[in-house]
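Taking it in order: structure first as structure tokens, then the write-up.
Throughout, a chain's letter reflects where its sequence line sits, starting with A, and its residues are numbered from 1. In this text, all values refer to a predicted model and were calculated from it rather than measured experimentally.
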2 protein chains.
Amino acid sequence: MAAMGRPREFDAETALDQAMEVFWRHGYEGATIAQLTEAMGINPPSLYACFGNKEGLLKAALDRYTKLRGVWMDEVVAAPTARDVAERMLMGIADKQTDPANPPGCLLVQGGIACGTGSENVPFELAARRSQNEDQLRDRFIRAKAEGDLKPASDPAALARYVSAVAVGMGVMASSGADREALRQVASVAVQAIEAQSGKFPPSRP
Amino acid sequence: MAAMGRPREFDAETALDQAMEVFWRHGYEGATIAQLTEAMGINPPSLYACFGNKEGLLKAALDRYTKLRGVWMDEVVAAPTARDVAERMLMGIADKQTDPANPPGCLLVQGGIACGTGSENVPFELAARRSQNEDQLRDRFIRAKAEGDLKPASDPAALARYVSAVAVGMGVMASSGADREALRQVASVAVQAIEAQSGKFPPSRP
DNA sequence: CCACATCTGTAGTGAACACTACATATCTGG
DNA sequence: CCAGATATGTAGTGTTCACTACAGATGTGG
């Protein structure tokens with residue numbers, strides 16, 4: 001019934017990857033539309049037509065980031081024990097956050113911990129995504145406890161929060177120049193707290 | 001030999017406390033001169049005459065912050081064992097970062113993890129202050145190891161980095177709404193990694 | 001080929017920003 | 001009381017920001 005109009009000349013996902021990198025490196029407030037459009041290879045009107053506004057672009061970038069991380073997290077929670085889950089996650093983070101292919105640290109931290117007037121919900125947006133990871137981890141630890149892999153007295157939610165906190169702390173350290181070896185040491189120590197809750201206990205009945 | 005001029009009508013330390021709170025809540029880039037001057041109860045020319053520029057004001061606020069934290073850290077490292085040092089520090093942080101008298105989280109994190117063009121050295125400035133804490137912790141753990149309080153095979157620098165990372169992670173969680181109990185649980189789990197390195201070993205000879 | 005719809009590039013818009021010129025006010029030293 | 005020095009309040013400065021008006025380009029359906 002209606003004509004379809006001129007088709008878009010850029011690939012949205014590719015452009016989003018470039019935007020993600022800019023937000024990752026400079027944070028939400030530190031990233032300017034000029035930097036974003038240049039990295040994406042488009043002009044401002046194309047950006048606004050496609051993503052609404054700067055915050056919409058951030059959300060799209062966060063969606064893409066968490067989607068990519070999601071497949072990795074699935075591998076993480078596939079580890080056989082709670083201890084191995086923690087180790088695989090934290091060691092993997094040590095590597096990922098110092099991978100020269102990406103900006104250092106984690107977009108969910110670098111994106112914006114504190115923001116000014118007009119961007120107050122950006123930190124909430126990031127926190128919500130982080131808590132998704134934490135929930136996934138918690139569910140895995142609940143299972144580990146049921147399987148007798150964690151102490152009956154252990155608190156899966158607290159353990160997940162702990163691993164999450166360590167991951168965030170590592171992200172901040174990575175962004176301020178910590179090298180891979182330093183982060184691996186942190187991960188190695190951190191895993192010992194999970195080890196202290198681990199063992200082989202009679203599984204709770206199904 | 002020269003006249004002294006009109007005396008300043010505000011107290012620099014009091015004004016700095018107010019500025020500190022604004023940076024703490026909104027971050028370096030999110031805090032505007034208008035917000036700062038209003039909180040400090042002065043006008044822009046007074047601010048610039050006294051602190052040079054916005055970054056100078058931040059540095060002064062950081063100095064004040066770390067000075068106040070310094071006396072607390074002295075109490076922390078005065079704990080008798082490495083494990084107690086870690087517990088006192090992380091539990092204290094859980095309380096401090098959720099103290100309604102201050103903005104949530106930690107100024108050394110909230111201040112600015114990622115910044116835009118023209119403020120690139122702000123994150124470095126914060127990282128430098130954080131590493132002061134880490135160094136103090138490391139020195140204390142070196143002593144603990146010498147006293148036979150930590151395993152001979154333990155790495156004090158790695159342990160200090162670990163505690164530091166947990167503290168930063170807790171700060172981020174606090175700023176995104178985690179309550180005191182949640183942070184205490186994180187601290188409680190985190191201490192167990194230090195416990196795993198603790199015991200009573202023959203002290204190395206003086 | 002034409003009406004219509006959507007994209008693209010140029011060139012801006014008003015608003016908010018960090019910062020400051022300037023006149024005035026308040027001190028000290030002589 | 002006067003000269004020099006520094007602080008203060010008013011009222012801006014130029015710059016940069018997110019965002020957009022508009023005209024031309026490129027597609028689809030009839």
Would you say C/dT20 has OP1 or OP2 under 4.0 Å from some side-chain N or O of B/Tyr48? no
B/Gln35 vs B/His26 side-chain heavy atoms within contact, under 4.5 Å: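 The answer is yes, as the side chains (C-beta and beyond) meet within the 4.5 Å cut-off.
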Do NZ/NE/NH1/NH2 and the carboxylate oxygens of B/Arg184 and B/Asp95 come within less than 4.0 Å? yes
Using 4.0 Å as the upper bound for N to carboxylate O, is an ion pair formed by A/Asp135 and A/Arg138?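 A/Asp135 and A/Arg138: salt-bridged.
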Does A/Arg143 count as lying over the ring of A/Phe141, i.e. NZ or CZ under 6.0 Å from the six-ring centre, within 45 degrees of the axis? no
Rounded at 0.5 Å granularity, tell me how far CD1 in A/Ile194 sits from CZ in A/Arg83.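 Output value for this atom pair is 10.0 Å.
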In whole angstroms, how far is the P atom of D/dC19 from the CG atom of A/Leu47?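 Answer to the nearest Å: 9 Å.
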Which whole-number value in Å describes the distance from A/Lys54 NZ to D/dC19 P?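 Distance, rounded to whole Å: 8 Å.
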Go through residues 24-37 of chain A and report each residue with a non-hydrogen atom lying under 4.0 Å from DNA chain D, sorted by number.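 Only A/Ala31, A/Thr32, A/Ile33 qualify.
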List every contact pair, protein side and nucleotides 7-11 of chain C side both N or O, where the distance is under 3.5 Å.
{"from": "C/dC7", "atom 1": "O4'", "to": "A/Arg6", "atom 2": "O", "distance (Å)": "3.1"}
{"from": "C/dC7", "atom 1": "O2", "to": "A/Arg6", "atom 2": "NH1", "distance (Å)": "3.1"}
{"from": "C/dT8", "atom 1": "OP1", "to": "A/Glu9", "atom 2": "N", "distance (Å)": "2.4"}
{"from": "C/dT8", "atom 1": "OP2", "to": "A/Ser46", "atom 2": "OG", "distance (Å)": "3.0"}
{"from": "C/dG9", "atom 1": "OP2", "to": "A/Asn43", "atom 2": "ND2", "distance (Å)": "2.7"}
{"from": "C/dG9", "atom 1": "O5'", "to": "A/Asn43", "atom 2": "ND2", "distance (Å)": "2.9"}

So, does A/Thr37 use its side chain to make a donor-acceptor pair with the main chain of A/Ile33 at under 3.5 Å? yes
Take the angle between the ring planes of B/Tyr162 and A/Tyr162 and call it parallel below 30°, perpendicular above 60°, tilted in between.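 Ring orientation of B/Tyr162 relative to A/Tyr162: perpendicular.
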When you compare the side chains of A/Asp74 and A/Gln136, does any donor N or O come within less than 3.5 Å of an acceptor on the partner? yes
Take A/Glu134 and A/Arg130, measure what salt bridge (Lys or Arg N to Asp or Glu O under 4.0 Å) needs, and give me the verdict at the end. CA-CA 6 Å; A/Glu134 186 183 311; A/Arg130 289 194 301 268; over 6 Å; no
Give me the residues of residues 112-123 of chain B where at least one heavy atom lies under 4.0 Å from an atom of DNA chain C, by number, or none.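 Result for residues 112-123 of chain B: none.
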